[in-house]
> 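The structure under discussion is supplied below as structure tokens; questions concerning it will follow.
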Amino acid sequence: MSSKRNQHKNAIFFAGIFIAASCHGVAHAQNSNLSSKSDTLSTNGPNENDNVLLNADNVSRSEDDFTIVATGHVEARHQGKRLISDKLTYDQNTGIVKAYGNVTIIEKDGTTTYADEITVDDTLASGIVTNFAARLGDGSTVAAKVALRNQNGRNILSKTVYSACPVCAKHPRPTWQIRARTAVQNPKERTLSYNDVVFEVKGVPILYIPYFRHGDPTAGRHSGLLMGTPGHSGRLGTTYKQPYLWVIDPSSELILAPQYNQYVNSILFADYKRNFYSGKVLLEGSLTKEKFFKKDGEKFGDSTWRGHLFGTGAFKINDTWTWGFGAENASDDLYLFRYGISGHDDHRGPIFSTGSRLLNQIYVEGKRKNFYSRILGVHFQDLVSAQRRLNTPIVMPAIDIEKSWHFGPMAGNLNAKSSMLYLDRKDDGQKTARGSVALNWTGQKILNNGIIITPNIYARSDYYNYKNQRNNLGVNIGNNSLSRANASADIDFRWPLAKFNDKTTFTIEPRVNIATATIDKKQGKITLEDAIGLENDTQSYFHSNHSSIYDYWDGGSKITIGANFGIATKKDISANLFIAKQYRSDANPYLDRISNFDSKKSDWAIQTNLKIKSNLNIAGDVRLNDKGKLVRTSVTASATYGPAQFNARYQKLASGLGTSHLPNDEITYGGSYQLTKNIKLFADDWYDLNAKRHWYTRAGIDLTDDCTTLRLFYQETNTTNRFVEPSKSFKVQIAFKSLGVLDDSPFKPY
């Protein structure tokens with residue numbers, strides 16, 4: 001009997017199971033001398049787990065028809081579960097168990113079942129419940145006029161209502177519910193399926209479908225439909241995306257999501273996940289057959305299969321070594337932009353790129369105390385004009401090995417590093433092979449007066465081999481090979497000082513770095529391929545060398561002076577100011593103005609931060625030239641005040657700098673306001689102050705309660721990328737508790 005009980009356990013029909021278990025115990029106690037009135041009856045089954053404790057005002061047995069009857073405040077306890085009713089009977093001849101009046105069954109997880117009457121046979125093969133209702137462990141409720149358990153173990157519910165919303169006397173009507181003529185619970189598949197289904201919101205029918213199925217909320221992951229996403233786009237027209245989750249096995253799942261588009265052909269999205277004992281794989285992509293198209297679906301070109309694939313995988317080999325991959329591919333450079341697909345700037349491996357470039361990478365990494373090694377291969381796909389794509393390399397391989405030891409005086413540390421790289425640009429035939437070995441020793445000592453001294457010695461040797469080499473002006477200068485060896489030494493002085501009083505702490509830290517390095521006479525023969533975007537600023541002014549940049553050698557002598565000023569109060573208010581300037585013996589003619597290496601007097605670098613409790617945080621990073629003119633400005637701010645949150649970022653690049661040679665002057669800002677407990681407004685914007693144009697604008701509203709989230713937002717993209725023109729879109733997302741969740745990805749610019 002116990003084994004059958006375990007086989008048929010399920011939330012909705014636990015009532016009948018529990019009663020059978022209780023009566024099983026009573027049957028074993030039938031030979032005891034029962035009084036006509038009993039307060040407590042302890043019964044014993046074949047094993048200790050079958051013990052049932054039955055409390056009632058009256059427990060009796062009829063000798064004529066072998067019926068046991070318990071009446072008045074009946075309560076049966078079994079393995080942490082409780083059954084409460086007004087009356088319980090067990091007919092030993094027929095094996096029929098009945099519970100009458102205010103029947104309540106409470107399980108260990110809090111699932112509670114209610115009924116007017118329950119009838120079940122003692123084999124648990126069939127049974128019937130009238131006016132059935134259950135509150136499941138996750139808070140969901142299900143109710144039916146009649147519930148029937150048939151011979152094959154399925155539970156059939158008539159005139160059924162299901163909702164994940166809390167229902168009580170104060171809120172008798174749920175935000176949403178599923179109402180169906182019949183429903184079937186399949187314990188083996190752990191699903192609930194409905195026939196003649198009506199979805200109701202606030203009691204108003206909004207959708208009818210003949211059939212609907214979802215997983216039992218107590219069953220966790222289960223195959224079935226997820227919440228659909230309607231929307232409208234200036235490029236695609238009215239859209240509707242309907243995902244379906246297929247749980248393949250406990251370790252893997254596949255989400256298929258066809259999307260209907262008004263102006264262009266439908267597109268199929270797919271998302272695959274699989275866990276392995278040593279790691280996991282995530283793949284996502286899309287597929288369609290379509291021509292190129294502009295705004296309002298205006299088509300041109302040939303119709304062909306198009307799509308994209310993003311993926312990542314990471315696997316542990318042993319305690320030291322791991323391997324993995326990252327995949328990013330699109331059928332053409334404007335595919336993601338046309339369909340508004342985001343995620344191409346996510347990190348999918350040890351290296352990552354900007355939003356204008358996709359990359360595929362495969363790697364092996366080893367990490368241990370004082371040891372690091374990585375072997376990496378990378379392939380890029382540019383999402384810009386065809387001219388730039390001609391110079392996109394394949395990296396195969398890039399190898400780095402690093403090992404460090406405690407060595408020398410002043411708590412010294414010695415680091416040895418080797419690096420190898422091969423770049424192949426097939427379009428223009430340029431190939432680069434480089435090998436480097438480097439040694440770096442650093443130490444630190446604190447003098448009696450508190451001055452911190454940090455000496456550093458660095459030496460590196462490089463070998464280059466070029467085929468069809470292009471110099472820094474882009475001119476092909478043929479094949480070339482060369483080697484070089486360079487060294488640098490510097491010493492850094494810091495003197496942190498502090499003054500305290502009852503309310504405030506003041507700090508000041510003067511800092512000086514004196515460095516010298518060999519002059520590399522072969523610098524002009526080396527193409528600067530890994531120095532794109534190199535900038536000398538507050539983050540690097542006191543670095544002894546830029547050893548992570550192999551193609552560029554920072555030669556000559558330099559002195560960097562600076563100071564850090566700080567103030568902090570006990571009321572969690574703090575402010576910081578860092579200012580520094582660098583003087584150099586040699587300017588670098590191979591780097592431009594934006595790099596800050598092009599002059600013997602580098603810019604003033606200023607960094608500030610202001611924090612007022614958790615309500616306000618402002619950070620600034622500024623470069624000023626000797627005439628006091630701004631070269632680069634970057635300011636970020638975030639603020640919270642009650643239900644309001646705000647964030648902003650302003651950046652400006654002086655005229656004549658950058659690739660456009662135009663002032664780069666823009667601000668991004670956004671925020672949200674919790675209007676009520678259930679209503680939140682949000683918006684953000686990217687505005688070009690120079691062009692006086694909004695590049696991206698989004699605004700929307702979140703409506704939430706305990707069981708539903710409704711999100712409506714408007715999005716406007718005003719960028720033009722060749723034939724892809726600006727677009728406006730409107731989207732609606734709705735998530736019912738236990739039936740779906742919202743995806744925040746639409747709020748990332750694309």
> If you look only at pairs with a residue in residues 443-452, which of them pass as a side-chain hydrogen bond (donor to acceptor under 3.5 Å, both in side chains), with sequence neighbours excluded?
Q444-T454
> Quick one: list whatever passes side chain to side chain donor-acceptor pair (under 3.5 Å) with N609, sequence neighbours left out.
N617
> In this structure, are over 12 heavy atoms from other groups packed under 6.0 Å from K403 atom NZ?
yes
> Treating K570 as the side-chain partner and D502 as the backbone partner, does any N or O pair qualify as donor plus acceptor under 3.5 Å?
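Yes, the answer is positive, given that a donor and an acceptor are paired below the 3.5 Å cut-off.
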> What side-chain donor-acceptor pairs closer than 3.5 Å can you find for residues 639-647, not counting sequence neighbours?
{"from": "N647", "atom 1": "ND2", "to": "G670", "atom 2": "O", "distance (Å)": "3.4"}

> State, to 0.1 Å, how close G555 and I519 come at their nearest heavy-atom pair, and which atoms those are.
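Scanning both residues, the minimum pair turns out to be C-CD1, 3.8 Å.
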> Quick check: does any side chain N or O of Q381 sit under 3.5 Å from a backbone N or O of A330, one acting as donor and the other as acceptor?
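Yes: the side chain of Q381 pairs with the backbone of A330.
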> Between E328 (side chain) and L359 (backbone), is there a donor-acceptor pair under 3.5 Å?
yes
> Is there a side-chain contact (heavy atoms from CB on, under 4.5 Å) between K581 and S602 once you walk through the steps?
CA-CA 6 Å; K581 186 173 180 62; S602 297; 5.6 Å; no
> Kindly compute the distance separating CG (L681) from CG (L675), expressed to the nearest 0.5 Å.
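Here the rounded value is 5.5 Å.
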> Of all residues at least two apart in sequence or in a different chain, which pass the side chain to side chain donor-acceptor pair (under 3.5 Å) check with T697?
D685
> Return the minimal non-hydrogen interatomic distance between F407 and W441, and the atom names on each side.
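Residues F407 and W441, closest heavy atoms: O-NE1, 2.8 Å.
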> Distance only, no hydrogens: is a donor on one side chain within 3.5 Å (strictly under) of an acceptor on the other, for Y458 and N486?
no
> Angle between ring planes, Y339 versus Y335, binned at 30° and 60°: parallel, tilted or perpendicular?
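Tilted.
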> Between S634 and Q651, is the side chain to side chain donor-acceptor pair (under 3.5 Å) condition met? List the steps.
CA-CA 4 Å; S634 177; Q651 58 180 11; 4.9 Å; no
> Minimum heavy-atom separation for N415 to S404, with atom names?
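Reported closest heavy-atom pair: ND2-CB, 3.8 Å.
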> Between CH2 of W553 and CZ of R460, what distance do you get to the nearest 0.5 Å?
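If I round to the nearest 0.5 Å, the distance is 5.5 Å.
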> Under a 3.5 Å distance rule, please check whether T527 uses its side chain to pair with a backbone N or O of E529 as donor and acceptor.
no
> Could you pull out the closest heavy-atom pair between D490 and A515, with the gap in Å?
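Heavy atoms only, the tightest pair is CB-CB, 3.4 Å.
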> Tell me the closest heavy-atom pair linking L336 and L358, and the distance in Å.
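For L336 and L358, the tightest heavy-atom pair comes out as CD1-CD2, 4.1 Å.
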> Would you confirm whether E509, through its side chain, and N564, through its main-chain N or O, come within 3.5 Å as a donor-acceptor pair?
no
> With no hydrogens and no angle check, is any side-chain donor or acceptor of R623 less than 3.5 Å from a backbone partner on I594?
yes
> Before accepting this row, confirm whether a basic side-chain N of the pair K613/D572 lies closer than 4.0 Å to the acidic partner's carboxylate O.
no
> Look up atom OG1 in T668 and atom OH in Y687, then write down how far apart they are to the nearest 0.5 Å.
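Nearest 0.5 Å value for the OG1-OH distance: 14.0 Å.
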> Quick one: does any side-chain atom of T518 pair with a main-chain N or O of A487 as donor and acceptor, under 3.5 Å?
yes
> Within the supplied structure, the quantity of interest is the number of heavy atoms (other residues, nucleotides, ligands) at a distance under 6.0 Å from I446 CD1; does it exceed 12?
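Open.
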> Assess the residue pair V631 and R593 against the criterion (side-chain contact (heavy atoms from CB on, under 4.5 Å)); give the C-alpha distance rounded to whole Å, side-chain angles, the decisive distance to 0.1 Å, and a yes or no.
CA-CA 9 Å; V631 178; R593 176 79 276 267; 3.8 Å; yes
> Should D554 and R584 count as an ion pair when the cut-off is N to O under 4.0 Å?
yes
> Distance check, rounded to the nearest 0.5 Å: S599 atom OG versus Y583 atom OH?
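If I round to the nearest 0.5 Å, the distance is 10.5 Å.
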> Distance check, rounded to the nearest 0.5 Å: T312 atom OG1 versus E284 atom CD?
10.0 Å
> For R693, enumerate each residue passing the side chain to side chain donor-acceptor pair (under 3.5 Å) test, keeping only those at least two apart in sequence or located in another chain.
none
> Ignoring hydrogens and geometry, is there a side-chain-to-backbone donor-acceptor pair from N596 to D603 under 3.5 Å?
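Pair found, side chain donor or acceptor close to backbone of D603.
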> Can any side-chain N or O of D530 pair as donor or acceptor with the backbone N or O of D551 at less than 3.5 Å?
yes
> Look up atom OH in Y363 and atom OG1 in T322, then write down how far apart they are to the nearest 0.5 Å.
6.0 Å
> Can a donor-acceptor pair be found, under 3.5 Å and without considering hydrogens, that links the side chain of N370 to the backbone of W405?
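Looks like no, no N/O pair under 3.5 Å.
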> Could you tell me which residues satisfy side chain to side chain donor-acceptor pair (under 3.5 Å) with R434, sequence neighbours excluded, listed by chain and number?
S419, S436
> Do you know which two heavy atoms are closest between F682 and F713, and how far apart they sit?
CZ-CB, 3.8 Å
